[in-house]
Asker: 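Mind having a look at this structure? Questions to follow.
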2 protein chains.
Amino acid sequence: MKSLEKYDVARKHPMPFVRLELVLLSVTDGGLQVLLSHREEDPFKGKWGLPGGVLRIDLDASLEEGAQRVSMERLNRPLPNLNQVAAVGGANRDPRAPWAMSVVYRSLVQTDIETSPGKRVQALAWRNVIDVIRTDDLGFDHANLIAKAVDATRQEVRELRFQAGWLPKEFTLSELQALSEAVLATPLDKVTFRRRMEVAGIAAPLEGKTKMIGAHRPAQLYSLTT
Amino acid sequence: MKSLEKYDVARKHPMPFVRLELVLLSVTDGGLQVLLSHREEDPFKGKWGLPGGVLRIDLDASLEEGAQRVSMERLNRPLPNLNQVAAVGGANRDPRAPWAMSVVYRSLVQTDIETSPGKRVQALAWRNVIDVIRTDDLGFDHANLIAKAVDATRQEVRELRFQAGWLPKEFTLSELQALSEAVLATPLDKVTFRRRMEVAGIAAPLEGKTKMIGAHRPAQLYSLTT
DNA sequence: CCAAAAGTGTTGTGACTACACCCATGT
DNA sequence: ACATGGGTGTAGTCACAACACTTTTGG
């Protein structure tokens, strides 16, 4: 390779084993959930862990694209939003290599979009994040990574920085508030939430469009103004 | 190596060229400054860039320790505080390797601690961050990385999350406010700043200890309550 | 006494909370 | 009519900004 003829520094030192891990979060009736993958191989065989895969410099043009590829391979779906959580790395972090690092991404998705086990994945399951973090029975440092991803997501929700893909294109303010409450695991005041949304100007009502839910007054539909 | 006998996945794929970059920030009369290193070699020879170095899995037990080692090698000093900014990576990011990633750390330090050019560093210079970001004449994506580091630091200052090493062990509230104003590049109200400090309870007055500055009333000295 | 920085008190404003209340729909 | 969730109005609280003011030192 031409670049390697010119510079030899890249060959002088052994490089670490680099993986990409995904923290998929979703809101259900049971609150905020995280998607876990059952480990069929050592290390931590039999335990649950984050879906992830090896960075492939022959396939991935960037870390983000690598994360999308891993999502396609493991979960058979792309991710509508992707945010980096952190990079962690050290010796003896992963028995498969003397020195391993992981770049971790998070994505809050809608549960109704199906996620099916892909290559080398036997089973996937949504589990309540609070349970998962409290009873840390996961492999590696994954519980810690999930906690970081949840914190970052909560910070965004607190600041009303809602991302595309978190909800359907058209949604009601009540749905958005319910999502926020589930993510934050705390109730929010309706008046305050609506006024904050209004001044923030991040969602616009869709004139004439309403959503009927039950035997109730129909709700105004909104969409994100990007 | 035993782990490689057991698992071959770590050998199956080529791994990226991994570097560590440092964003050292400091406050002087001229405002918030960033430490830049003059590049004596290609790529970007003659330009300025962030000090950094190659991750050495034979020397570094973790990414953080690697960042400290790079700091010792390039700047002849350890860093009193260290926060990860992000990991960036992709093909064609660095001509020295077909696929390069960097893990970026930031540290806000006191300028009076000396920083001397180390191994393969000819010159170091503090430059005003606003200038550096506006007139992006740096190599790689370093201006963007600096902007991210500054944003994160500002967020911490806004939330009064002051770290050890940002100031001397004993400091006055005026000094802390001046630091905050320099980082945020905006004036702060004295009363508000002091009251927020009081309710936050992150600094305690050192009984009987004051600091004389000029022909003025002496100022109460504080220290961080960790 | 004066200049200058340290430190305090006071008042207005704006964002949030709590709670009461009206609106629109299916049964 | 009424139950239920959508949507609004209002008053109290709290954090902060603005600004005036007092305190303490060296000269």
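None of these values were measured; they are calculated from a predicted model. Residue numbers begin at 1 in each chain, while the letters A, B, ... track the order of the sequences.
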Asker: Expressed as a whole number of angstroms, how long is the span from Glu159(B):CD to dA15(D):P?
Answerer: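 Atom CD in Glu159(B) sits about 16 Å away from atom P in dA15(D).
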Asker: dA6(C) P sits how many Å from Tyr222(B) OH, rounded?
Answerer: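 The answer, rounded to whole Å, is 12 Å.
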Asker: Going by an N to O cut-off under 4.0 Å, is there a salt bridge joining Glu170(A) and Lys211(A)?
Answerer: no
Asker: Would you say dG7(C) has OP1 or OP2 under 4.0 Å from some side-chain N or O of Arg194(B)?
Answerer: yes
Asker: Would you mind telling me which of dA6(C), dC19(D), dG6(D) lies closest to the side-chain atoms of Ala219(A)?
Answerer: dG6(D)
Asker: Report yes if a side-chain nitrogen or oxygen of Arg195(B) is closer than 4.0 Å to either non-bridging phosphate oxygen (OP1 or OP2) of dA15(D); otherwise report no.
Answerer: no
Asker: When you measure only distances, ignoring hydrogens and angles, does the side chain of Thr192(B) come within 3.5 Å of the base of dA17(D) through a donor and an acceptor?
Answerer: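 Checked by distance alone, the answer is yes.
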Asker: Atom CD of Glu175(A) and atom C1' of dG7(D): how far apart are they, to the nearest Å?
Answerer: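 That distance rounds to 15 Å.
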Asker: Nearest heavy atom decides the nucleotide; on that basis, is Val199(B) or Thr172(A) closer to the 5' end of DNA chain D?
Answerer: Thr172(A)
Asker: Between atom CD in Gln177(B) and atom P in dT8(C), what is the gap in whole Å?
Answerer: 13 Å
Asker: Is Arg69(A) salt-bridged to Glu73(A), going by a charged N under 4.0 Å from an acidic O?
Answerer: yes
Asker: Rounded off to whole Å, could you give me the CZ-to-P distance for the Phe193(A) and dA15(C) pair?
Answerer: 17 Å
Asker: Could you tell me the separation between the NZ atom of Lys190(A) and the P atom of dC22(C), rounded to a whole number of Å?
Answerer: 14 Å
Asker: Decide yes or no, distance alone: a donor-acceptor N/O pair under 3.5 angstrom between the base of dT25(D) and the side-chain of His216(B).
Answerer: no
Asker: CD of Gln220(A) versus P of dA24(C): gap in Å, rounded?
Answerer: 13 Å
Asker: Which comes earlier along DNA chain D counting from the 5' end, the contact point of Ala215(A) or that of Leu173(A), where each point is its nearest nucleotide?
Answerer: Ala215(A)
Asker: Is there a side-chain contact between Val54(A) and Leu20(A), using heavy atoms and a 4.5 Å cut-off?
Answerer: no
Asker: With nearest nucleotides of DNA chain C determined for Val191(A) and Arg217(A) from heavy-atom distances, which residue corresponds to the more 5′ nucleotide?
Answerer: Val191(A)
Asker: Looking at every non-hydrogen atom in both residues, tell me the closest pair between Leu25(B) and Trp126(B) and how far apart they are.
Answerer: C-CZ3, 3.9 Å
Asker: Considering only NZ, NE, NH1 and NH2 on the basic side and carboxylate oxygens on the acidic side, decide whether Lys47(A) and Asp137(A) come within less than 4.0 Å.
Answerer: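 No, no charged N to carboxylate O under 4.0 Å.
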Asker: Hey, is the side chain of Ser174(A) poking within less than 4.0 Å of OP1 or OP2 on dG5(D), counting only N and O atoms?
Answerer: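 No, because none of the side-chain N or O atoms of Ser174(A) sits under 4.0 Å from OP1 or OP2 of dG5(D).
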Asker: To the nearest angstrom, how far is Met212(A) atom CE from dG7(D) atom P?
Answerer: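 These atoms are roughly 12 Å apart.
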